[in-house]
Amino acid sequence: MTSGWTAQAKTPPDQLIIGMNMNNLLTLDPAAMTGNDIVGIVVNLYDPLIELDPQELTNVRPALATSWEVNDARNLITFHLRDGVKFHSGNPVTANDVVWSMRRILHLNLAQASVWKSYGFSKKNVDEMVRSPSPGVVEIQLPKPNDPKLVIYSLAALGSVVALDSKTVQAHEVNGDWGNRWLTTNEAGSGPFRLDNWQAKDVLNMSRNPHYWRGEPKLSRVVFRHFQESQTLRLMIEKGDLDIANNMAVSDVKALSHDPAMQVDQVKKGTIYYVAMSMKEPHFANPKVREAVRYLIDYQGIGKALMNGYGIVHQRPIQVGMPATLPDPGYTLDIPRAKTLLAEAGYPDGFDTTLRVLADQPFLNIAIAVQSTLMQAGIRAKIVTGTGNQIYGAMRERKFDMLVGRGGSGVEPHPHSSLRALVYNPDNNDAARLTNFQGWRTGFYDKQLNTDIDQALLERDPEKQKQDYFAIQERYDALIPALVPLSQMVDSIVVRRDVKNYLPHPSATTFLRDVYKDNATDVPPAGGKKL
């Protein structure tokens, strides 16, 4: 049963209480963060140069930078910073701080360095490529040819390229770690909120920055609380003890969607649910076996029975909604065809394998469904469950057979964002350690495909570029990839109706600076996206 409309929320009127699963919240260091959950916290503690409009992703808005321009050669982006911005410490935000912050990402070479390394930046060249020629000016020179539009999108969307208070961080540096240990549990930003404290897997408190350059935030405090069970989240938000609930099971979201005190916001993300195979494993090195697996997935059945509120059926690496995305190829479950392919591959009786998956939903239910259809063709997959570090850790080490997962960047509104994360693999050697690239993780490598992706990125004619991306998707499909896209992620967020100006962001960079609560509202407003 769901509660009726409650005229007065129990949470304080000037505080926002957000419930979420914080198991994957491992660090607050912008250069080291992984996953979407931390991004929504970091962007409220720090300021980026520029940001993406949550309602129109291709619209890049000013932030610390008031303006920017690209030179005619398309290899230099120049940013002009606003005056008078201060860090939480009181130190002024300078161009040198911005330069130091970006250089730090490459020198630390942690999770957030991967994208910038794919653009050609490295420890060796970043000090030369990212610079401040004069006060208030930041120049980013591209080490190799690229589409500057994509680089601008990355600066605006990733949440990692934010301004750090270099003086404060350097004061906490230990053994040349660029302050990484200290920033794991502290912050040195200029954002609308300041970190009060963080207790891992428990609670994170932020209070407003009264001197914020955009104006003092309306909320005095934001509290993130950890809840592992979806039913607990549901109970807490029904009682009015939470204002917003994330990471909920679809069954609980559906129940709350009928409560007039709640609104369910569904945000389409660029992330893709997939079944992955390791081409380092002899079975899956055979393209006929991979093709058999392609026909042993009940895409439509999974989409209808398991993914409502989690995702929509999608079988391409480039996310839905882009002009460069081809229509789905229309793969369906076809047991006889899969059996024929397995026999042609030399496995008429199938084989034994393992299928790794997070012990969370919808991943586990997807894995069970895939296990069932694989079995019908003789592929006996033992399900292995675990935490994110255990499951994706094995994938990053290229020590897995099969895996149900979710990945891909897709945070930038550009086809290359998805292709870079899911397909691109410029160096298939184990020593390359391109751990953020799903292509490398699965051992899928095609030199021509990499070349085509590189060339499409540089194409200046929009129509020709779109046709190039069509061709890339067709080649990828014909090569029988080791990663089979199933569904594009949908994130369902439950928000109490007295919360105003909360705009969930497709790239996880949800800004809280303009959010407030209208506790005087007696009647819930009409509208809201219902499941």
Taking only residues two or more places apart in sequence or in another chain, which ones pass ring-ring contact (aromatic ring centres under 6.0 Å, His included) with Phe470? none
Got a sec, which residues hit salt bridge (charged side-chain N to carboxylate O under 4.0 Å, His left out) with Arg290, two or more places apart in sequence or on another chain? none
Side chain to side chain, Asp491 and Pro504, heavy atoms closer than 4.5 Å: no
By side-chain hydrogen bond (donor to acceptor under 3.5 Å, both in side chains), which residues pair with Arg475, not counting sequence neighbours? Asp446
My understanding is that only residues two or more places apart in sequence, or in another chain, count here; which of them pass salt bridge (charged side-chain N to carboxylate O under 4.0 Å, His left out) with Arg316? none
Please list, chain by chain and in numerical order, all residues satisfying side-chain hydrogen bond (donor to acceptor under 3.5 Å, both in side chains) with Lys288, sequence neighbours excluded. Glu344
Run the salt bridge (charged side-chain N to carboxylate O under 4.0 Å, His left out) test against Lys466 and tell me which residues pass, sequence neighbours left out. Glu463
Sequence-distant partners of Lys464, side-chain hydrogen bond (donor to acceptor under 3.5 Å, both in side chains), two or more places apart: Asp468
Where at least one partner belongs to residues 428-456, residue pairs that pass ring pair (Phe, Tyr, Trp, His ring centres under 6.0 Å), sequence neighbours excluded: Phe444-Tyr476
Are the side chain of Arg82 and the backbone N or O of Ala63 linked by a donor-acceptor pair below 3.5 Å? yes
Which residues pass the side-chain hydrogen bond (donor to acceptor under 3.5 Å, both in side chains) test with Arg294, sequence neighbours left out? Tyr331, Asp477
Do any side-chain atoms of residues 149-161 form donor-acceptor pairs under 3.5 angstrom with protein atoms, and if so which ones, sequence neighbours left out?
unit_1	atom_1	unit_2	atom_2	d
Ser154	OG	Tyr119	OH	2.7
Ser154	OG	Leu150	O	3.2
Ser154	OG	Glu412	OE2	2.5
Ser160	OG	Gln112	OE1	3.3

Residues in ring-ring contact (aromatic ring centres under 6.0 Å, His included) contact with Trp182, at least two apart in sequence or another chain: His172
Does anything in residues 61-78 form a salt bridge (charged side-chain N to carboxylate O under 4.0 Å, His left out)? List the pairs, not counting sequence neighbours. Glu51-Arg61, Asp53-Arg61
